[in-house]
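For reference, the structure discussed in these notes is given below.
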Amino acid sequence: MGDVLAGIHATWEFDTDSVLIRFERGIRTPKLLQSLRERRIPHAALSSVTLTPGKRDTVVLRVVPRPGADPLMEAAAGQLKEGCDPYRLVLPADRELLAEYYADELRSCLGPASDEPADRFLVAAPEAPMQFKAYDGRASFDGERVSFRWFWTGASSAKWKAGDQTYRVSELAGIEWRSPEGLDGYLRLVPRAAVPADHRTGGSLGDLHGPVTPGLEAAGIAVDGAPATVSRAPADQDPAAVLFGLGYGPVHESLPFAAAVLESVRSTQSAPAVPAPILVNAGRRDPADIAERIHHLGELHQAGLVTDDEYSAKKAQLLAEL
């Protein structure tokens, strides 16, 4: 499409196979969105598109990602506040007609698998190296290893006894992220079963935490198949977890961290079969659908929301699809 739609806190640029979302750096922009900076969302990662009334004379254009397509949303597991949702674009109400046009355009780009969970991540996670300060230690990730370094002012005796921890992503089955904006927030690493000893403590993850069944669902994240129930120590006693609270481990630092770890964990697992390519706008379009879009485009043109050149170019593009 190649068009740009500017909203509150973000701008969406529509390409032929994806939407590039750029977030503003303004003081009123949620810190999570500022930290993400920009994200490219392939059409293949989308499940649906909605346009709803917002607050204070606004409308909200939202794309809904397919389950399993975005490591950030998988790690968040539904815990994000509405204002921090990176898939929402808030617009003034007088731009509703234009927003409706782009919503229709995006719906036409959804592939045949849009109703199905994705078998791999289609949206890139934030890049390592990353680190943040938790309540009881500092967490760092270099792309291959996750390290926890305990603070004497916050770490429990169990964590001091276990010592500082370093985990290879190949030893992990997934992650759990509990938002610091709720009670008992934490980031916990979920180990695989029977991990070789490779820690400062001299033991393995299995020694520290007990056996773990492959196929664990953590924070709504299914890893290696069906979910399994695992008995775990409380996060304040678990050397594979760091605690949030009192300003430590804020969402804009700990959630991108969790998403980056999760993407690396998934990439170390057995590679899935390559899915058949999704053909966007393949074949001839329904003439009635084209006529409706041209009519809608004409309304935008008459309302002054589309220039003469934009109207002519888009109309020619639609006619070429017949």
Side-chain angles (χ1 to χ4, degrees), residues 74-77 79 128-221 223-224 227-262 264-265 268:
E74 292 295 295
Q79 300 174 76
M130 308 178 74
Q131 64 177 354
F132 69 89
K133 182 184 292 186
Y135 175 72
D136 55 357
R138 180 177 295 277
S140 59
F141 176 51
D142 64 5
E144 297 181 355
R145 293 176 174 82
V146 182
S147 300
F148 295 154
R149 301 289 178 260
W150 308 123
F151 297 152
W152 69 270
T153 53
S156 65
S157 59
K159 292 183 178 181
W160 272 111
K161 182 178 180 181
D164 292 343
Q165 300 293 303
T166 298
Y167 306 94
R168 293 180 180 176
V169 293
S170 59
E171 299 173 339
L172 303 176
I175 58 93
E176 290 180 66
W177 182 79
R178 291 291 181 267
S179 176
E181 296 178 343
L183 297 176
D184 303 322
Y186 61 83
L187 171 71
R188 190 200 303 264
L189 306 177
V190 180
R192 289 176 177 271
V195 180
D198 185 27
H199 298 279
R200 295 189 180 188
T201 58
S204 69
L205 285 170
D207 297 332
L208 288 170
H209 310 294
V212 178
T213 305
L216 181 78
E217 182 175 51
I221 303 165
V223 181
D224 285 343
T229 301
V230 178
S231 177
R232 305 294 303 277
D236 65 333
Q237 303 294 314
D238 187 350
V242 290
L243 300 178
F244 302 151
L246 300 177
Y248 294 96
V251 172
H252 70 280
E253 294 181 355
S254 62
L255 181 57
F257 184 103
V261 173
L262 180 60
S264 293
V265 169
T268 64

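In this text, all values refer to a predicted model and were calculated from it rather than measured experimentally.
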Could you tell me whether the side chain of Arg192 and the main chain of Gly174 form a donor-acceptor pair under 3.5 Å?
no
Please report the shortest heavy-atom distance between Leu255 and Ala75, naming the atom on each side.
CD1-CB, 3.9 Å
What is the minimum heavy-atom distance between Val169 and Val265, and which atoms define it?
O-CG2, 4.0 Å
Give a yes or no answer on whether the side chain of Gln165 reaches the backbone of Gly163 with a donor-acceptor pair at less than 3.5 Å.
yes
As a quick check of understanding, evaluate side chain to side chain contact (heavy atoms under 4.5 Å, CB included) for Asp184 and Arg178, giving each step before the final call.
CA-CA 7 Å; Asp184 303 322; Arg178 291 291 181 267; over 6 Å; no
Do side-chain atoms of Lys159 reach the backbone of Phe151 as a donor and acceptor pair under 3.5 angstrom?
no
Would you confirm whether Gln237, through its side chain, and Pro234, through its main-chain N or O, come within 3.5 Å as a donor-acceptor pair?
no
Start with the C-alpha distance between Arg149 and Thr166, add both sets of side-chain angles, then the distance that settles side chain to side chain contact (heavy atoms under 4.5 Å, CB included), and finish with yes or no.
CA-CA 9 Å; Arg149 301 289 178 260; Thr166 298; 3.4 Å; yes
Measuring from Arg145:CZ to Arg168:CZ, what's the distance to the nearest 0.5 Å?
5.0 Å
So how far is it from Ser264 OG to Leu172 CG, rounded to the nearest 0.5 Å?
10.0 Å
Of the non-hydrogen atoms in Met130 and Ala128, which two are nearest, and what is the gap between them?
CG-CA, 3.8 Å
Interatomic distance, Arg188 atom CZ to Asp238 atom CG [nearest 0.5 angstrom]
4.5 Å
Would the number of heavy atoms belonging to other residues, nucleotides or ligands and lying under 6.0 Å from OH of Tyr248 be above 12?
no
Asp164 (side chain) donor-acceptor with Trp150 (main chain) under 3.5 angstrom:
yes
So which atom in Tyr167 and which in Pro239 form the shortest heavy-atom distance, rounded to 0.1 Å?
OH-O, 2.9 Å
Can you name the nearest heavy-atom pair linking Ser170 to Thr268, along with the distance?
CA-OG1, 4.1 Å
Closest approach of Asp136 and Ala241, non-hydrogen atoms and distance?
OD2-O, 4.4 Å
Side chains of Tyr135 and Tyr186: does their closest heavy-atom pair fall under 4.5 Å?
no
For Phe132, does the CZ atom have more than 12 heavy-atom neighbours from other residues, nucleotides or ligands under 6.0 Å away?
yes
Are the side chain of Gln79 and the backbone N or O of Trp177 linked by a donor-acceptor pair below 3.5 Å?
yes
